[in-house]
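Throughout, a chain's letter reflects where its sequence line sits, starting with A, and its residues are numbered from 1. For clarity, every value in this text was computed on a predicted model and none was experimentally measured.
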Protein chains: 2
Amino acid sequence: MLFMASSKLIDSSCSIARSLGVLGERWTLLILREALTGATRFAEFRAALGIAPDVLADRLSTLVEYGVMTREPYQEPGARVREAYRLTEAGRELQLALWSLQQWGDKHLPWPDGPTMLRRRCTDGAAVHVGYIDEQGHEVRAGDTQAVRTAAYPSAD
Amino acid sequence: MLFMASSKLIDSSCSIARSLGVLGERWTLLILREALTGATRFAEFRAALGIAPDVLADRLSTLVEYGVMTREPYQEPGARVREAYRLTEAGRELQLALWSLQQWGDKHLPWPDGPTMLRRRCTDGAAVHVGYIDEQGHEVRAGDTQAVRTAAYPSAD
DNA sequence: TGAGCTAAGTTGGCAAAACCAACTCAGAAC
DNA sequence: GTTCTGAGTTGGTTTTGCCAACTTAGCTCA
């Protein structure tokens with residue numbers, strides 16, 4: 001086996017580090033962006049991203065290994081069996097993280113012609129953004145948020 | 001110059017790709033996690049992450065270059081001048097993206113002892129999560145969201 | 001005055017990962 | 001039975017990351 005499922009990050013007590021252990025390698029989040037817009041086939045990812053085939057094979061197998069995507073053979077009538085890579089529910093939930101990055105890029109690394117994608121509500125097309133929400137489902141301002149350590153936080157390092 | 005400010009991703013028309021061009025290299029998001037919890041000095045990042053000093057220097061200079069952090073000398077009384085790396089407002093806004101990843105990791109890559117960090121409102125300590133919000137400041141369910149292309153979306157590839 | 005200490009790096013050699021082109025393999029079409 | 005296409009694998013080169021050692025500057029203390 002040439003590829004090692006990514007680093008020791010996945011054994012970290014920090015959820016951000018564990019997420020990055022699965023998602024943080026080069027190309028992975030772009031592969032997921034394509035998957036969220038409907039790509040399912042090896043050649044589709046390859047054409048859309050220009051990624052080397054060995055790297056793509058490695059990333060897809062990592063995503064399958066950690067339950068972000070599934071690899072399933074399928075057959076169109078009159079064609080031979082092919083492999084389809086589909087997002088699991090866990091994978092679909094990564095839309096939130098990708099939209100966070102998209103929203104940040106729209107604001108802080110703007111493109112001359114403006115954004116190429118907008119985030120909308122299906123039902124009425126109203127603008128949707130990513131933000132902080134309290135238990136009543138109401139938005140919380142960024143400055144009113146804080147992260148706090150739990151008892152599970154490692155005391156001695 | 002040994003280091004090239006990261007790839008051609010920053011010239012992409014996709015905001016996710018541009019964000020990853022600045023933030024997507026190995027270690028970068030973990031450096032930002034430390035910065036959001038108060039780290040400012042080279043040696044602090046190094047000790048917290050165990051990152052090689054040349055890689056850390058490269059990542060910090062990329063973050064400064066793109067306006068995510070500032071590098072400013074400061075002097076404690078009776079000590080020589082040192083460098084402090086501080087988040088800009090753009091950098092502080094990345095808390096949203098990091099919390100998205102943390103929330104995903106909490107759910108899909110759980111740690112045996114439970115999460116080590118919780119997301120809270122400062123004023124009353126109530127739980128806060130990251131999610132989709134409409135123009136009235138109310139939460140939108142994930143399944144009710146969609147991304148749509150604008151006129152700026154590149155037609156011919 | 002100069003020897004030691006610390007922070008913030010830089011430099012050089014080695015190992016791992018990414019990139020690229022060429023090749024494989026299987027089934028369908030011709 | 002030759003060609004085509006999708007989904008990869010293989011081999012060689014380049015880039016990136018990792019590690020240890022070194023550098024530089026200003027402070028402290030003898």
Checklist entry - With nearest nucleotides of DNA chain D determined for B/P53 and A/F42 from heavy-atom distances, which residue corresponds to the more 5′ nucleotide? => result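 Looking at the nearest nucleotide for each, A/F42 comes out on the 5' side.
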What nucleotide among [options] has an atom nearest to a side-chain atom of [X]?
| X | options | result |
| --- | --- | --- |
| A/V55 | D/dT9, C/dC19, C/dA8 | C/dC19 |
| A/W27 | C/dC19, D/dT9, D/dA7 | C/dC19 |
| B/D54 | C/dA21, D/dA20, C/dG12 | C/dG12 |

Compare side-chain N and O positions of [X] against OP1 and OP2 of [N] and report whether any pair is under 4.0 Å apart.
| X | N | value |
| --- | --- | --- |
| A/R59 | C/dA17 | no |
| B/R71 | C/dG9 | yes |
| A/Y74 | D/dG6 | no |

Next on the checklist: Judged by each residue's nearest nucleotide on DNA chain C, which is more toward the 5′ side, A/A52 or A/R80?
Outcome noted: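 Looking at the nearest nucleotide for each, A/A52 comes out on the 5' side.
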Next on the checklist: To check you understand the geometry: which heavy-atom pair defines the closest contact between A/V64 and A/T70, and what is its length?
Outcome noted: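 Taking A/V64 first and A/T70 second, the nearest heavy atoms are CG2-C, 4.2 Å.
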Mind calculating the distance between [atom1] ([X]) and [atom2] ([N]) to the nearest angstrom?
| X | N | atom1 | atom2 | result |
| --- | --- | --- | --- | --- |
| B/I51 | D/dC19 | CD1 | P | 11 Å |
| A/R41 | D/dG8 | CZ | C1' | 14 Å |
| B/I31 | D/dG17 | CD1 | C1' | 13 Å |
| A/Y85 | D/dA7 | OH | C1' | 8 Å |
| B/R26 | D/dG17 | CZ | P | 7 Å |
| B/R82 | C/dT6 | CZ | C1' | 7 Å |
| A/E44 | D/dG6 | CD | C1' | 11 Å |
| B/D58 | C/dA8 | CG | P | 18 Å |

Checklist entry - Using a cut-off of 4.0 Å on non-hydrogen atoms, how would the nucleic acid contact of B/F45 be classed: base, sugar-phosphate, or nothing? => result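 Result for B/F45 = nothing.
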Checklist entry - Contact class for A/R46 vs. all strands (heavy atom < 4.0 Å): base, sugar-phosphate, or nothing? => result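 The answer is nothing, as A/R46 stays clear of every strand by at least 4.0 Å.
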So, are [X] and [Y] salt-bridged, with charged N and O less than 4.0 Å apart?
| X | Y | result |
| --- | --- | --- |
| A/R86 | A/E72 | yes |
| B/R120 | A/D144 | no |
| A/K107 | B/E93 | yes |

Checklist entry - So, the side chain of A/R46 versus the backbone of A/I51: is there a donor-acceptor pair under 3.5 Å, distance only? => result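 Side chain of A/R46 to backbone of A/I51: a pair is present.
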